[in-house]
Amino acid sequence: MAEFFWGVIWPVVVLAVLTVVIIVPLLLAVAYLTYAERKIIAAMQLRQGPMFVGPYGLLQPLADGLKLFFKETVIPSRANKGVFLLAPMITFILALIGWAVIPFGEGLVLADINVGVLYLFAVSSLGVYGIIMAGWASNSRYAFLGALRSSAQMVSYEISMGLIIINVLMTAGSLNLSEIVRAQAEHGWYVLWHFPMFMIFLVSIIAETNRLPFDLPEDEASLVTGYNVEYSSMTFALFFLGEYANMILMSAIATILFLGGWLPPFEVAPFTWIPGPIWFFLKVALILFVYIWARATLPRYRYDQLMRLGWKVFLPLSLAWIVLTSAVLVFFDLAP
Amino acid sequence: MTAALFVFYVLALVTVAAAVMVIAARNPVHSVLFLILAFFNSAGLLILIGAELVGMLLVVVYVGAVAVLFMFVVMMLDINFVQLREGFLQYLPLGALVGLILLLELVMVIGTRAVPTTVAAMPQATPPGVNNTEALGRLLYTDYFYLFQAAGVILLVAIIGAITLTLRHRPDARRQDIAAQVHRRPQDTLEVRKVRPRSGI
């Protein structure tokens, strides 16, 4: 019995506690990302943003959350009820499970699996299901159009993302996320070696998470709000949380692949005093700032322009870069 | 019963149940969703035997791309569910025959080759000391290199075929020519004129 307890139940308990330790700060980060977004956009537009709930409006995200929580959940009568309720849950769960493999610092990772990059890629490619199921199950034209746009868009940009990831994998010689960061300690950050790919990756993750200027699935001017138009209360909140958690996840992926994860920018005294997780957090915050910056600055793309960018610009560029990278690696005998 | 065996039975049961539901579900979209569930659980089974790379690829390729396109098509079709069920009894004998043949073949395979019946007796997915991705890569790019390239060529031909079948040049469609837009100069399109009062241009 004791063996069973220590062998099976105890590891499960430990994992559950660790999961909570990751998820609770993540949800807080999501809440305050919405606050940061409103404040930053306000500053860019010479406004003040939320100011009334708490000092400097700091309690605004909690108030928003409570408001959504106490609203009535409306399910349209012609909706496909099971799929309708499943869709927001899938979106939210997928946004959370990606964090299982993210290394926050040296050894600070819940599951240090060998195929971490592929796992993240799989999770991000599944994200489309939440949206397409929501659009179909709502039984509404606007929602359905939003879902169709979204699925085409996410599938298109995944391809260029996958090709960019291949570049990093070839240079690092591993699919393990911690190993990729350690390889960058040796080679220098990959943003230096693969700078054009980093820029394309940034644009692709914005498209992949359906954020402005690529938020065609929820194009409020032509589709009301797209796939989530029929959702209310907590079901809507789950989509919302999922979208922001996905933004943070994608920023974390970009940080690990290109910005050296938890590594300090220079291996000299004042930088090495700051612990790794804080560097990781700062880099993620930097990419999130770019997300918000783009939202405040750029107008929305037209749909055909979006598709053109994905298929005719990013795909050939990243493919050519793979050829270049592998040629350089083989020619100079650098391949790991 | 070990934990691995328990996980295996759960995954296997859900896979089979989901696969049955794919053909039993009345709504085609539900069928696709059950198909996705089946893919997922088979990926879990692959990871259980240590083939983590293949498991992840199954999720990325089949669930993340192929099933999305399935769903895309099935959702857009306007299917009459009653009509879909009509030929069921008519096709049942043929389907049953195909199923029976497949079953017999499986039995023959299991009968002739000693297939291990316990998890411990199964062959290791990777040689010790080499990780899964590396082992697969070595095999694909050395021993099976020509087959691998041939598979690539076949896929390329399939892509070209699909594009030639569906590509149509519509002369009436308005397309954006980015190069032309970028090369436009103000002097080509703008003209500044002094307009005298009461004369117009």
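Note on naming: letters A, B, ... go to the chains in the order of the sequence lines (proteins, then strands), and numbering restarts at 1 for each one.
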Practice task
May I ask you to name which of V128(A), V155(A), L175(A), D304(A) has the most heavy-atom pairs under 4.5 Å with chain B?
Solution key: L175(A)
Problem - Heavy-atom pairs under 4.5 Å with chain B, option from V123(A), N114(A), I113(A) with the top count - result: N114(A)
Exercise for the section: Would you check if the side chain of Y129(A) reaches a backbone N or O of G64(B) as a donor-acceptor pair within less than 3.5 Å? Expected result: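 A pair under 3.5 Å: no.
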Practice task
For side-chain contact (heavy atoms from CB on, under 4.5 Å), just list the numbers for M75(B) and F144(A), CA-CA rounded to whole Å, side-chain angles, deciding distance to a tenth of an Å, and then say yes or no.
Solution key: CA-CA 9 Å; M75(B) 277 178 181; F144(A) 191 53; 3.9 Å; yes
Exercise for the section: For the residue pair L118(A) and L57(B), establish whether any side-chain heavy-atom pair is separated by less than 4.5 Å. Expected result: yes
Handout entry: Contact check, side chains of M154(A) and V68(B), non-hydrogen atoms, under 4.5 Å
Key =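 No, every pair of side-chain atoms sits at 4.5 Å or beyond.
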Fill in the blank from the handout: Rounding to 0.5 Å, atoms CG (L33(B)) and CG (L86(A)) come to a distance of 7.5 Å
Practice task
Any chance you could measure I178(B), atom CD1, to K312(A), atom NZ, to the nearest 0.5 Å?
Solution key: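 Spacing of CD1 (I178(B)) from NZ (K312(A)) equals 9.0 Å.
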Problem - Other residues, nucleotides, ligands: >12 heavy atoms within 6.0 Å of F39(B) CZ - result: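 It does: F39(B) CZ has more than 12 such atoms within range.
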Problem - Atom OH of Y303(A): over 12 foreign heavy atoms under 6.0 Å - result: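 Enclosed.
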Handout entry: Worked check of side-chain contact (heavy atoms from CB on, under 4.5 Å) between H30(B) and N80(A)
Key = CA-CA 10 Å; H30(B) 291 176; N80(A) 196 316; 3.2 Å; yes
Practice task
Given side-chain contact (heavy atoms from CB on, under 4.5 Å), test L126(A) with F40(B) step by step and report yes or no.
Solution key: CA-CA 11 Å; L126(A) 294 181; F40(B) 246 112; 3.3 Å; yes
Handout entry: Portion of A67(B) that has a non-hydrogen atom of chain A nearer than 4.5 angstrom
Key =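 Backbone plus side chain of A67(B), per the 4.5 Å heavy-atom cut-off to chain A.
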Fill in the blank from the handout: Under 4.5 Å to a heavy atom of chain A? For L69(B) that would be neither
Practice task
Work out which heavy atom in L148(A) is nearest to a heavy atom in F72(B); give both atom names and the distance.
Solution key: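 Reported closest heavy-atom pair: O-CE1, 3.7 Å.
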